[in-house]
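Inspection log for the structure reproduced underneath, given as structure tokens.
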Amino acid sequence: MLNLSLQVISGNFPGEIMQLLLIHSDYIEYEVKKSTQVAEAIEDSMKCGRLEDALTVFIAVEKEDEVNPHEVVKKGVSEVEKVAEQVKTSNIMLYPYAHLSANLSSSKVAVQVLTAMEKELSERYFVKRAPFGWYKAFKISCKGHPLSELSRSISVQNKEGVSTVCSAEEKPEVVSEALKAESTAKSYWRILTPEGELHEIEDFDFKGYDNLRKFVDYEIAKKREVERAPPHVELMRRLEIADYEPGSDSGNMRFYPKGRLIKSLLENYVVDESIKVGAMEVETPLMYNMNHPTLKKYLDRFPARQYSIESDKRQLFLRFAACFGQFLINHDMTMSYKNLPLKMIELTRYSFRKEQRGELVGLRRLRAFTMPDMHTLCYDMEQAIAQFDEQYNMCIRILNQIGIEVKDFEVAIRFTRDFYEENKAFITNLARTVNKPVLVEMWDKRFFYFVLKFEFNFVDALAKASALSTVQIDVENAERYDIKFVDVAGAEKRPIILHCSPSGAIERCIYSLLEKEAMKAERGEVPMLPVWLSPTQVRILPVSEKHLEFAKQIADKLHCRVDIDDREDTVGKRIREAGREWVPYVVVIGDKELETGRINVTIREESQANRPKTMEMSPEELDSRIQAQTAGLPFRPIPLAKMLSLRPKFI
RNA sequence: GCCUCUGUGGCUUAGCGGUAUAGCGGCUGAUUCGUAAUCAGCAGGUCGGGGGUUCAAAUCCCCCCGGGGGCUCCA
């Protein structure tokens, strides 16, 4: 599953001119290869050049600029200076880059503008200019801070409500071909109601849809609510689920036994569900050759932030999804239409993405994470849409079982205008399925490899949103990977590919559950994990030593994760401990139980803060209650010593 | 990656120029206990790491590392 979002640059640069792509780079170097017909005459000194710590300005002068080149130079210079000021550099590389525009000016005007800009900037900066009209090879190393990549390419007649969107093509290391300009595309944001109405964001009444409001704010306006650490960070440690590992790279977590258990259950669950809908489980390599012809093309199109490693003389990168491995398998397969739709799933442990340092927090965004990644090869668009619908519903079902209900997430649906025009009823039905308004984003033309995509976004205690489940309809990669099947007529055809992560990253599911419970606790409710995911499902608490033997007998009657708090603390203290660990069922064993054989169970999910709900029942009744609650779900035994007195502390 | 805040025994933390507080946890002993913390004693600290200023640094300055927040970005 690949997920590509957009860098939105709003039209707040009045009277814009030409096309500028500004990159603050550690270095930029170029070398002239060959002249074109429009090449300017140059001296040898201009045939190659290099600048350290430079603001590289890729420029395309456009047809409209011919009207008033003088004004264009003035504004261009001012724009460049503004950015140079911001990134605090005194070196500027002016680099003519025709690919930025589909509507270029004459070469005469272009050279005129470029040299004029060079002259003017030279008064205050150290400027180099790459020659116009030559084929050049260049290498650039982008710094990667927020201001290091800016596109100033806004049309004059910028309509309201329409933002200009530029791709955020970048690579942490050396970038070469990856800079192939993504042209600008328009992005329209709307709210789609279950009734099929499209509302402007400003006109939509968010009353009763607080979470959607937060999601929209986060997605479009980038608003933030509060400034504090997300509550799940404390919880993941206190509950001994996961922790930072300073001995590794940032964003690579350690999981303690309880965390490993939860993760393992979730992993098994998602894979099992995928297999139920017909997916074949596979396993593919973690690292790939960066120079593999197909992968190279792929990387050029999706210049992600990968971890890269060198082994012998090979440049390898760590996978950031399972697409590579599965598509390479698909490429070698012999398939007929009878095999379609064909599903494959891999639980990637791990997928690696070298996210920027400042965006890593707790379990929300990691550099190494576990993601179920399923791909479905479809016969045609009709089948793809049917599958999309099926998987949309599967994702709802899976998240719900994990403990994240429809009310806990917000839906985003993104598509091209063409796709929407042809499939209005289908898309509306997606909103109807969740029976609440959803955020939609529409593009005038296809900008990425997909024509339709949805995500379920969890909105956390701090009003930040992150994507969980997603499905995308990919119309590009069958071609890139040369994947084909034979149709009824015996002809080779390309399948349409669905990318699906049924739950999203497993760590992110845990993060969502913890944040959800933290929000509950803030409201004064009692937090807990779903019973099937609770490391301890039943805790038995003998009042004194003489009740221990009976406690063990009760434990043996329960077919779930039971432990016994045999520590020499008061009952009150041990009760408190069980509560702090969110144990769903707590059983105190004393003289009374010894006599009657019946037990008193504190049921957490029915308790209110400071008002525990207790129920008398037989051990068998408790056992069948838990069996019913966890039926059909993965099970693993308790990951720690049954006797609490024998347990070490991890934190 | 940039800006900014932050880092004291396993955890939470006091101290903010004279080498260190307390609680929890751990250990030992007493207590054998009925639903949110039983009592007492003991052990445990390169004050994130390195460098500098100073007679003297946990405390001031610089660099590095980890973490939080913001920017930005997110396949």
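Residue numbers begin at 1 in each chain, while the letters A, B, ... track the order of the sequences.
- A salt bridge is absent between A:Arg367 and A:Glu507; no separation between the charged side-chain nitrogens and carboxylate oxygens falls under 4.0 Å.
- Classification of A:Glu577 and A:Lys649 as a salt-bridged pair fails, no side-chain N sitting under 4.0 Å from a carboxylate O.
- The P atoms of B:rG9 and B:rC55 are separated by 30 Å, rounded to the nearest whole Å.
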Q. Run the side-chain hydrogen bond (donor to acceptor under 3.5 Å, both in side chains) check on A:Asp474 and A:Gln472 step by step: do they pass?
A. CA-CA 6 Å; A:Asp474 175 350; A:Gln472 299 149 18; over 6 Å; no
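- Comparing B:rG25, B:rU12, B:rG70 against the side chain of A:Arg237 picks out B:rU12 as the nearest.
- For A:Leu462, taking side-chain heavy atoms from C-beta onward, the closest of the listed nucleotides B:rA37, B:rG69, B:rG26 is B:rG69.
- A salt bridge links A:Glu476 with A:Arg446; the closest basic N to acidic carboxylate O contact falls under 4.0 Å.
- Using a 4.0 Å heavy-atom distance criterion, A:Tyr244 is classed as a sugar-phosphate-only contact.
- For A:Asn610, taking side-chain heavy atoms from C-beta onward, the closest of the listed nucleotides B:rA36, B:rG26, B:rG69 is B:rA36.
- Aromatic ring orientation, A:His499 versus A:Phe327: perpendicular (interplanar angle above 60°, classes split at 30° and 60°).
- In RNA chain B, runs of at least 3 consecutive Watson-Crick or G-U pairs, each pair with both distances below 3.5 Å, span B:1-7 with B:65-71, B:10-12 with B:22-24, B:26-30 with B:38-42, B:48-52 with B:60-64.
- In this structure A:Pro230 satisfies the side chain to side chain contact (heavy atoms under 4.5 Å, CB included) test together with A:His232, A:Val233, A:Val361, A:Leu462, A:Glu515, sequence neighbours excluded.
- Only the C1' atoms considered, B:rG18 is 27 Å distant from B:rG23, to the nearest whole Å.
- The interatomic distance linking A:Gln356 (CD) with B:rG70 (C1') rounds to 13 Å, in whole Å.
- Enclosure of atom CZ in A:Arg611 is not indicated, since only 12 or fewer non-hydrogen atoms of other residues, nucleotides or ligands lie within 6.0 angstrom.
- When each of B:rG69, B:rC73, B:rG66 is scored by its nearest atom to the side-chain atoms of A:Pro230, the top-ranked nucleotide is B:rG69.
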Q: Could you encode protein contacts along nucleotides 28-35 of chain B as a string, one character per nucleotide from 5' to 3', using B for base contact, S for sugar-phosphate-only contact and - for no contact, with a heavy-atom cut-off of under 4.0 Å?
A: ---BBBBB
